[in-house]
S.K.: 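Below you'll find the structure I mean.
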Amino acid sequence: MTETTFMHEYDAQAGELVSCDYQDIARDEPHEECGLIGVYHHCDASLLSFFGLIALQHRGQEGAGIVSFTHLGKDGAAQPRVYQKRGLGLVSEVFCQRKDFSELPGDIALGHVRYSTCGDASINNIQPFVFRFSDINVALAHNGNLVNSITLRKRLEDQGAIFNSTSDSEILMHLIRHSSKSSFHEQIKDALFQVKGGFTYILATGDELIGACDPCGFRPLVVGKLGDGAYCMASESCALNQIGASFLFDVEPGEVVFIKDGQVTREYYTSHHQQAICAMEYIYFARPDSVIHDVCVHTARKRSGEILAHETPCPQADLVIGVPNSSLSAAMGYAEASGLPNEMGLVKNQYIGRTFIQPTQAERRRGVRMKLSAVRKIVEGKSIVMVDDSIVRGTTSRLIVALLFEAGAREVHVRIASPALKYPCFYGINISDTRELIAAGHSLEYIRSFIGATSLAYLSEQGLIKAIDLHVDAPYQGLCMAYFNGDYPTRLFDYEQDYKASLAEVNQVPLKHASHITDRVQ
Ligand SMILES: O=P(O)(O)OC[C@H]1O[C@H](OP(=O)(O)OP(=O)(O)O)[C@H](O)[C@@H]1O
Ligand SMILES: NC(=O)CC[C@H](N)C(=O)O
Ligand SMILES: [Mg+2]
């Protein structure tokens, strides 16, 4: 959660935005998700988890961790031993020596990359968390955001629970231990039933790997096979490819998967489930080579570009340019459908993360320039269609448009391969305040003029649904479209009051009609 209010004054004299502190540049972008990987019964479990985390790095850059387990009774231990290493920074910064993996022995391992949605960025909140009980050691990793975490935490603390982190993720383990059910599996199902919001979880013990998905399936989770009784689970299939695992299935909304004694068992922990996977997974978060619910992310993005070209053509333009990285597929689709050349007019420095920040306004401007630069020879004198996947607060888009004009572009027509982001997300994207979204309460013309584009158009909601083409028998074909239309598929619990207040504050015109928090799954 961020405390920044919505502000973006433009100082015409200085030719720059003056009211944002340096942190805003990081907040301008839809931040990454967390990434999870679990490996079961493989002699190099921690090393494979490391490779998997490298493939999932785009989902979180704040910190990374791996936990491993050795077998029961090994070295005379009464319980499987648990080993843990975690740290702040990129995966390659936390795990930089070969010995890191010999210090994480065992054949079951769990890895996590974090971008925080709840709780600060300190080491205590870096996952996987390890819980050492008298009868069992458990590791836990979470992707998503719980909407009833404040209420649950208070209740648990009142009952005597002592939390070790400020993250919402820890709550599940307390609920498991507080459950009155008789078996570990029943306790897990009982706990999963109580947490609300967006989550995929992977839990590991000395002899088991457990994966679960919330009743709407907001976040993706896949199960793969490594051969010889070895299995894995990961947030995205790109991690499976990375470690040579074959894809078995997507964990379904409301489902829990137990991998134990070489067997994979699937169960529902609730009968109220209906798919509403976050559309932003396809638009921005996931890697283009990942396949989620049988839809290739690159293909969905490319189709969104094609549909965008049909919906809002730009026949007078000379060429199409994608904003690296996540809009390159959409730009390809737009160019193919419109018969225009797809050119590399912007280059991204691949050594700068997705959320580059600098402490002063001048450095911040330089920062964006370090991250993206225009290819003058390509754009000079040209009318350009600049395709990006999304506009959040508009700050970055505005700087990119300026870069293109500075490099000599004649016209910059901005085409966005998703509908306008008007409503916050509470299920795992770190923008939970309406006031941060430029499209909330501002007209298309206002946004166009703010980013300095010659023209601006967004993909329609129907266009997006058609592009992703999930074909699930659920609203929006199984997508969560709340970001675009305020139709939240669950109650918002602890967030509801603030959300309503923020809507009133930005005075959204369609408030009465568009903001309908439903309760499809509870
Ligand atoms: O409203 P804005 O400030 O324009 O923010 C939106 C931009 O941020 C994201 O890119 P990001 O640089 O995070 O990552 P990417 O390289 O994966 O596209 C997104 O793809 C848009 O390009
Ligand atoms: N991006 C995520 O999935 C974050 C997980 C968890 N809510 C945290 O803040 O650590
Ligand atoms: Mg981008």
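By convention here, the first residue in the shown sequence is residue 1. Everything numeric in this text was worked out from a predicted model, so none of it was measured. Every number for a ligand or one of its atoms is a count from 1 in the order of the listing.
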S.K.: Using heavy atoms and a threshold below 4.0 Å, how should the contact between K371 and ligand 1 be classified: side chain, backbone, both, or neither?
M.R.: side chain
S.K.: For Q127, state whether at least one heavy atom is located under 4.0 Å from any atom of ligand 2.
M.R.: yes
S.K.: Please confirm whether K348 comes under 4.0 Å of ligand 1, counting heavy atoms of the residue only.
M.R.: yes
S.K.: Say whether, by atom type as modelled, one donor and one acceptor occur between the side chain of S327 and the main chain of V387 under 3.5 angstrom.
M.R.: yes
S.K.: In plain terms, say whether E343 and K382 are close enough for a salt bridge, that is, a side-chain N and a carboxylate O under 4.0 Å apart.
M.R.: no
S.K.: N137 and R132: which non-hydrogen atoms are nearest, and at how many Å?
M.R.: OD1-CA, 3.3 Å
S.K.: Polar contacts were defined as any N/O atom of the residue lying under 3.5 Å from an N/O atom of the ligand; does this apply to T117 and ligand 2?
M.R.: yes
S.K.: I'd like to know if the side chain of N124 pairs up with that of N164 as donor and acceptor (distance under 3.5 Å, no hydrogens or angles considered).
M.R.: no
S.K.: Is S390 in polar range of ligand 1, meaning some N or O pair under 3.5 Å apart?
M.R.: no
S.K.: Looking at ligand 2, does N125 have a heavy atom less than 4.0 Å from it?
M.R.: no
S.K.: Numbering the atoms of ligand 2 from 1, which are under 4.0 Å from a heavy atom of N143?
M.R.: 2 (C), 3 (O)
S.K.: Side chains of S167 and S169: donor-acceptor distance under 3.5 Å anywhere?
M.R.: yes
S.K.: Determine whether any heavy atom of C118 lies closer than 4.0 Å to an atom of ligand 2.
M.R.: yes
S.K.: Can a donor-acceptor pair be found between the side chains of D494 and S149 at a distance below 3.5 Å?
M.R.: no
S.K.: Quick check: does V323 get an N/O under 3.5 Å from an N/O on ligand 1?
M.R.: no
S.K.: Hey, does D168 come in under 3.5 Å of ligand 2, counting only N/O atoms on both sides?
M.R.: yes
S.K.: Does the pair R448/E445 count as a salt bridge with the N-to-O cut at 4.0 Å?
M.R.: yes
S.K.: Just distances here: any N/O of S327 and N/O of ligand 1 closer than 3.5 Å?
M.R.: no
S.K.: Ligand 2 versus C34, non-hydrogen atoms closer than 4.0 Å: side chain, backbone, both, neither?
M.R.: both
S.K.: Number the atoms of ligand 2 from 1 as they appear, then name those within less than 4.0 Å of a heavy atom of Y115, with their elements.
M.R.: 1 (N), 2 (C), 4 (C)
S.K.: List the steps and the verdict of side-chain contact (heavy atoms from CB on, under 4.5 Å) for F493 and T151.
M.R.: CA-CA 9 Å; F493 293 91; T151 306; 5.8 Å; no
S.K.: Does a donor on one side chain sit under 3.5 Å from an acceptor on the other, for S418 and Y284?
M.R.: no
S.K.: Given V414, V392, D388, which one has a non-hydrogen atom that is nearest to atom 1 (O) of ligand 1?
M.R.: V392
